[in-house]
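Below is one structure, written out as structure tokens; the observations come after it.
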Protein chains: 2
Amino acid sequence: MTEQHQLDKLDRQILNILQDDATTPLAEIAERVHSSPATCQRRIRQMQNDGVILKQVALVNPTAVGRSLSVFVAVEVESQNPMLLDKFVRSLDKENDVVSCYEISGEHDYLLLVHAENMTSYHQLTRRIFTSDNNVRAFKSQFIMDFNKVETKITL
Amino acid sequence: MTEQHQLDKLDRQILNILQDDATTPLAEIAERVHSSPATCQRRIRQMQNDGVILKQVALVNPTAVGRSLSVFVAVEVESQNPMLLDKFVRSLDKENDVVSCYEISGEHDYLLLVHAENMTSYHQLTRRIFTSDNNVRAFKSQFIMDFNKVETKITL
DNA sequence: TATGAAACCTGATATCT
DNA sequence: AGATATCAGGTTTCATA
């Protein structure tokens, strides 16, 4: 998480590969970027230390694990008081179905991504966290009907 | 990608671990779930074949790779003609800055996540793809001011 | 039929030039 | 930075319940 030197072409090529498949062996990476395994290894470690690579994770199919209802929820808060905003955000940590929370500009304040088991459990979730007690004035559910493109990759 | 048997507790525990850190050694996984490395290995392979685990990827910090402007774009299309919808979605594939595209219910049709270098490059992107030629009636940019919680993990 | 122990072998890491 | 040696850890086999 130290200060980062500018990424060069080699770094970017390695990142493109690892963002597609983090299990790619160093020997294959080296071949594809025309370098050596040792050099690739050093670059990767450097980028991990610099916080360029945040972590390596397994991506799971929500439907296959019983979360077949996915929703973007646009939330409008009652008060912009920092303590109340913080309280709202922290209340999401306990909620397994809330995968992400972004603070956004515009008419809404937050955009959440939720993976729920079904409509009943989603409804219960909304009753639990989108309350005026929790500093929420209003919320709008945008149900995801199709995942046309869901990448985590930032192509460089 | 075959038909999937029901996931048991062991599978779910393994998924929770791999969604946090896909580099966790099998020996450590085995210890934490009170099983053996061989069994954990077999379960993981099974879930990969069943499409429960989609892939393993490196997550990259957008800011650290020069994409410091992140935007959710709500897009409303002109026509619901399937061919035109498909054409719009396919036009996004070429765009490196467009990370995901969800088809949603409500007043808008699509929600895109974009990681752009800066406002200038984002503006150029909007001129390129959010055009009436591309079946777009209107779009609304929701700039991300803070990533309060950005997970890929579906806690089981 | 699924598990755990142990052998085996690939590939990650450290050292040296 | 690249080549080599070492060692950790992933994979296969086999025995067992």
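Naming convention: chains lettered A, B, ... in sequence-line order (proteins, then strands); numbering from 1 in each chain.
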Closest heavy-atom contact between A:S79 and A:L84?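 Here A:S79 and A:L84 meet closest at OG-CD1, 3.6 Å.
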
To check you understand the geometry: which heavy-atom pair defines the closest contact between A:S36 and A:A30, and what is its length?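 Where A:S36 meets A:A30 most closely, the heavy atoms are C-CB, 3.4 Å.
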
Checking side-chain polar atoms at under 3.5 Å, does A:T23 have a donor or acceptor matched by the opposite partner on A:D21?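 A:T23 vs A:D21: donor-acceptor pair found between side chains.
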
Distance check needed: [N] [atom2] versus [X] [atom1], whole Å only.
X	N	atom1	atom2	answer
B:D8	C:dT3	CG	P	8 Å
B:I29	D:dT11	CD1	C1'	14 Å
A:L10	D:dA1	CG	P	8 Å
A:Q48	C:dA12	CD	P	12 Å
B:D11	C:dT3	CG	P	9 Å
B:L26	C:dC9	CG	P	19 Å
B:Q41	C:dA5	CD	C1'	15 Å
B:I44	C:dA2	CD1	C1'	16 Å

Given that A:R45 and B:R42 both sit by DNA chain C, which one's nearest nucleotide is further toward the 5' end?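 Here B:R42 is the residue nearer the 5' end.
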
Has A:T39 got a side-chain N or O lying under 4.0 Å from the OP1 or OP2 atom of D:dG2?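 Yes, because at least one side-chain N or O of A:T39 sits under 4.0 Å from OP1 or OP2 of D:dG2.
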
For C:dT3 and B:R43 - does any side-chain N or O of the residue sit under 4.0 Å from the phosphate oxygens OP1/OP2?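 Looking at the OP1 and OP2 atoms of C:dT3, one of them is under 4.0 Å from a side-chain N or O of B:R43.
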
Nearest to the side chain of A:S35, heavy atoms from C-beta on, is which of D:dG2, D:dA1, C:dA5?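 The closest nucleotide is D:dG2.
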
Check the angle between the aromatic planes of B:Y110 and B:F88 and answer parallel, tilted or perpendicular using the 30° and 60° thresholds.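 Plane angle between 30° and 60°, so tilted.
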
